[in-house]
Amino acid sequence: MSALLDSFANAFDSLGLRDAAGLGEHRRAALDAALRDGIPHARVEAWKYTPLRALERRAFAAASPAVASFDEALIADLPAPRIVFVNGRFDASHSDLSALPSGVTLQPLSQVLAAGEPREANFLARRFDRPDELFARLNAALADDGIVLRADSGALSTQPIHVVFIGTPAGSDQAWHLRHLIELRENASLVVVEHHLAQGTHAHLANQLAHVHLGANATLRHARVQDDAAGATLMARTDAVLAKGADYRRLDLELGAGLSRHELNAALHGDNARLHANGVLLASGKRHLDTRLGIDHVGRDTACELTWRGMAAGRSKAAFHGGILIREGADGTNAQLSNKNLLLGEGAEIDTQPVLEIHADEVQAAHGATVGQLDPTALFYLRSRGLSSEQARALLTAAFCRETLSVFEPGDALRTALEARLDAALDRLGAA
């Protein structure tokens, strides 16, 4: 057995809430499946561009039960409602749920498990049958915290709910497994912002899996800002299910970590369901960023709009897979995918793989992907207008990435805040 899996097997033996809510047998089965099938190798298509050979040689200690301290300035600009996790542990002292809107509940998963009610934790019993779903299986076996966010029918709020994950230095490299549920009943509307941040240098591993369930005509605006430490490893997965008329808008900014992989799966089950999911992969140094989209059109007259931009500098690597499946009977589907990428260094690498599979009639679908460099003509024009080479490059790269912000309305406070985070990351890239 690899050092990685051996350390996770040891963590399972000491998991405090292992049998809570009647999940003990399910957790054991998930761990056994992960240990049996092992770590996916590079010949497995889903892991072709993200080899795990270096990671499998590492061992991680289970996250400490004590909540680590951090500089409060890190979250000073994140108002309530806010829930905070530090090194995988719920931090009650820095969380503030007092401003939750009427009809909305937010709890840490650890409290739900401690209550022991199987019905409240039944989303944890989902099985993952494919051998390449290693980290989903490990999450099913080991997750002991996360968020459970529920909105009743008709609950409405435009105030963002901030979900904050902070990694801090510890005596050893640690691993934590978090499981999340975001559930909106019919006609509900929420705004959720995830922040993946770091206080100092660390090389921990975070394994996160989120379920997003949108009822009929529900609306969710969802932003995820990943700006973890340069040595951090993040394995993330989001599984979304949209009912009739649901509208899911999200933006992913992949700005940090040493190795970050995010799988975004969305099943548009209901007629007229809408998904608008944009993102930026900003790789520098030796960073490795990997994003995989799996969009499944099931209902009639559904639509997805996917605009992703990637940039790689130094010796970094960015990988993107955009998969769209239009099933038989999903007539009237409109699916659009655009993935454009810029190579900013001779040692950088970008791999992109758009996939479109159609089994229905009367659909509109298009996908395209490019990998190139900054336009020398545009650079020359800006230089001729008095800009320095650095200023011209900064202006062009900012315009290239900001296109993804269109998922939110111009002038929206959330869009403004996300643009500032993106610009700060671009400044760091330019200064590197």
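For this chain, numbers begin at 1 and follow the sequence in order. Because the structure is predicted, anything quoted here is derived from the model rather than measured.
- Within the 4.5 Å cutoff, the side chain of Lys48 has no heavy atoms near those of the Gln353 side chain.
- A side-chain donor-acceptor contact under 3.5 Å links Glu194 and His222.
- Inter-residue side-chain proximity for Arg428 and Asp227 is flagged as met; some heavy-atom pair is nearer than 4.5 Å.
- Distance CG/Leu289 to OG/Ser316: 7.5 Å, rounded to 0.5 Å.
- Taking 4.5 Å as the limit, some side-chain heavy atom of Arg221 sits within range of a side-chain heavy atom of Asp412.
- Under the ring pair (Phe, Tyr, Trp, His ring centres under 6.0 Å) criterion, the residue pairs touching residues 2-30 are Phe8-His177, with sequence neighbours excluded.
- Smallest separation of non-hydrogen atoms from Gly200 and Ala229: O-CB, 3.9 Å.
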Between Asp423 and Arg402, is the salt bridge (charged side-chain N to carboxylate O under 4.0 Å, His left out) condition met? List the steps. CA-CA 9 Å; Asp423 287 349; Arg402 285 177 183 169; 2.8 Å; yes

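- Partners of Phe70 according to the ring-ring contact (aromatic ring centres under 6.0 Å, His included) rule, which considers only residues two or more places apart in sequence or in another chain, are His94.
- Looking at Glu409, its side chain never comes within 3.5 Å of a backbone N or O of Gly411 through a donor-acceptor pair.
- Counted within 6.0 Å of CZ on Arg315, heavy atoms from surrounding residues, nucleotides or ligands total 12 or fewer; the atom is thus considered open.
- For Glu403, the salt bridge (charged side-chain N to carboxylate O under 4.0 Å, His left out) criterion is met by Arg309, not counting sequence neighbours.
- Between Asp152 and Ala188, the closest heavy-atom pair is O-CB, 3.5 Å.
- At least one side-chain heavy atom of Arg137 sits less than 4.5 Å from a side-chain heavy atom of Arg36.
- By the side chain to side chain donor-acceptor pair (under 3.5 Å) test, Asn265 pairs with Asp239, sequence neighbours left out.
- Taking both residues in full, the closest heavy atoms of Gly24 and Asp19 are given as CA-OD1, 3.3 Å, listed atom of the first, atom of the second, then distance.
- Taking CZ of Arg287 as the start and CG of Leu259 as the end, the distance is 11.0 Å to the nearest 0.5 Å.
- Note on ring orientation: taking the six-membered ring where Trp is involved, the planes of His204 and His202 are parallel (angle under 30°, cut-offs 30° and 60°).
- At a threshold of 4.5 Å between non-hydrogen side-chain atoms, the residues Leu15 and Asp144 count as touching.
- Residues forming a side chain to side chain donor-acceptor pair (under 3.5 Å) with Asn10 (at least two apart in sequence, or on another chain): none.
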Table please: side-chain donor-acceptor pairs of residues 51-63 below 3.5 Å, with sequence neighbours left out.
{"residue": "Arg57", "atom": "NH1", "partner": "Arg53", "partner atom": "O", "Å": "3.4"}
{"residue": "Arg58", "atom": "NH2", "partner": "Asp173", "partner atom": "OD2", "Å": "2.9"}
{"residue": "Arg58", "atom": "NH2", "partner": "Ala203", "partner atom": "O", "Å": "2.8"}

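- Under the side chain to side chain contact (heavy atoms under 4.5 Å, CB included) test applied with Glu263, the options Arg237, Met235, His321 reduce to a single match, Arg237.
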Assess whether side chain to side chain contact (heavy atoms under 4.5 Å, CB included) is satisfied between Ser157 and Val104, documenting all intermediate values. CA-CA 9 Å; Ser157 177; Val104 176; 5.6 Å; no

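- Counting only heavy atoms from C-beta outward, the side chains of Val407 and Arg250 never approach each other to under 4.5 Å.
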Test side chain to side chain contact (heavy atoms under 4.5 Å, CB included) on Gln208 and Phe165; report intermediate values, then the result. CA-CA 11 Å; Gln208 303 207 21; Phe165 308 101; 3.5 Å; yes

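- The environment of CD in Gln391 is crowded: more than 12 heavy-atom neighbours from other residues, nucleotides or ligands sit within 6.0 Å.
- A search for salt bridge (charged side-chain N to carboxylate O under 4.0 Å, His left out) contacts involving Arg179 returns nothing, not counting sequence neighbours.
- From Leu4, atom CG reaches atom CG of Leu134 across 7.5 Å, with rounding to the nearest 0.5 Å.
- For the pair Gln199 (side chain) and Asp71 (backbone), a donor-acceptor distance under 3.5 Å is present.
- Separation of atoms CD1 (Ile324) and CD1 (Ile295) is listed at 7.0 Å; rounding is to 0.5 Å.
- A donor-acceptor contact closer than 3.5 angstrom is absent between the side chains of Thr219 and Asp247.
- Panel note: side chain Arg27, backbone Ala143; a donor-acceptor pair is recorded below 3.5 Å.
- The shortest distance between side-chain heavy atoms of Asn187 and Ser153 does not fall below 4.5 Å.
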Check the pair Phe320, Leu293 against side chain to side chain contact (heavy atoms under 4.5 Å, CB included), reporting the backbone distance first and the verdict last. CA-CA 8 Å; Phe320 177 84; Leu293 307 183; 3.7 Å; yes

What donor-acceptor contacts under 3.5 angstrom involve side-chain atoms of residues 112-124, with partners at least two apart or in another chain?
{"residue": "Glu117", "atom": "OE2", "partner": "Arg119", "partner atom": "N", "Å": "3.4"}
{"residue": "Glu120", "atom": "OE1", "partner": "Arg150", "partner atom": "NH1", "Å": "3.1"}
{"residue": "Asn122", "atom": "ND2", "partner": "Arg119", "partner atom": "O", "Å": "3.4"}

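- With sequence neighbours excluded, no residue forms a ring-ring contact (aromatic ring centres under 6.0 Å, His included) with His269.
- Shown here for Ala369 and Thr352, the closest heavy-atom pair between the two residues is CB-OG1, 3.5 Å.
- Every residue two or more places apart in sequence or in another chain was checked for a ring-ring contact (aromatic ring centres under 6.0 Å, His included) with His276, and none qualifies.
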Using residues 340-348 as the side-chain source, report each donor-acceptor pair under 3.5 Å to any protein atom, sequence neighbours left out, with the distance given to one decimal.
{"residue": "Asn341", "atom": "OD1", "partner": "Gly310", "partner atom": "N", "Å": "3.4"}
{"residue": "Asn341", "atom": "ND2", "partner": "Asn339", "partner atom": "OD1", "Å": "3.0"}
{"residue": "Asn341", "atom": "ND2", "partner": "Thr370", "partner atom": "O", "Å": "3.0"}

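- Nearest approach of Pro160 to Pro81, heavy atoms of both residues: O-CD, 3.8 Å.
- For the pair Trp47 (side chain) and Asp132 (backbone), a donor-acceptor distance under 3.5 Å is present.
- Distance alone, capped at 3.5 Å, is enough to place a donor-acceptor pair between the Arg89 side chain and the Ser64 backbone.
- In this structure, CD on Gln107 lies 9.5 Å from CZ on Phe90, to the nearest 0.5 angstrom.
- Surrounding NZ of Lys317 are more than 12 heavy atoms belonging to other residues, nucleotides or ligands, all under 6.0 Å away.
- Under the 3.5 Å distance criterion, the side-chain polar atoms of Gln226 are matched with a main-chain donor or acceptor of Gly256.
- Rounding to the nearest 0.5 Å places CD of Gln111 at 11.5 Å from CG of Leu17.
- Not counting sequence neighbours, the partners of His162 by the ring-ring contact (aromatic ring centres under 6.0 Å, His included) test are His195.
- Nearest heavy atoms, Leu268 versus Ala303: CD2-O, 3.4 Å.
- Contact check for Thr291 versus Asp252: no side-chain heavy atoms found under the 4.5 Å cut-off.
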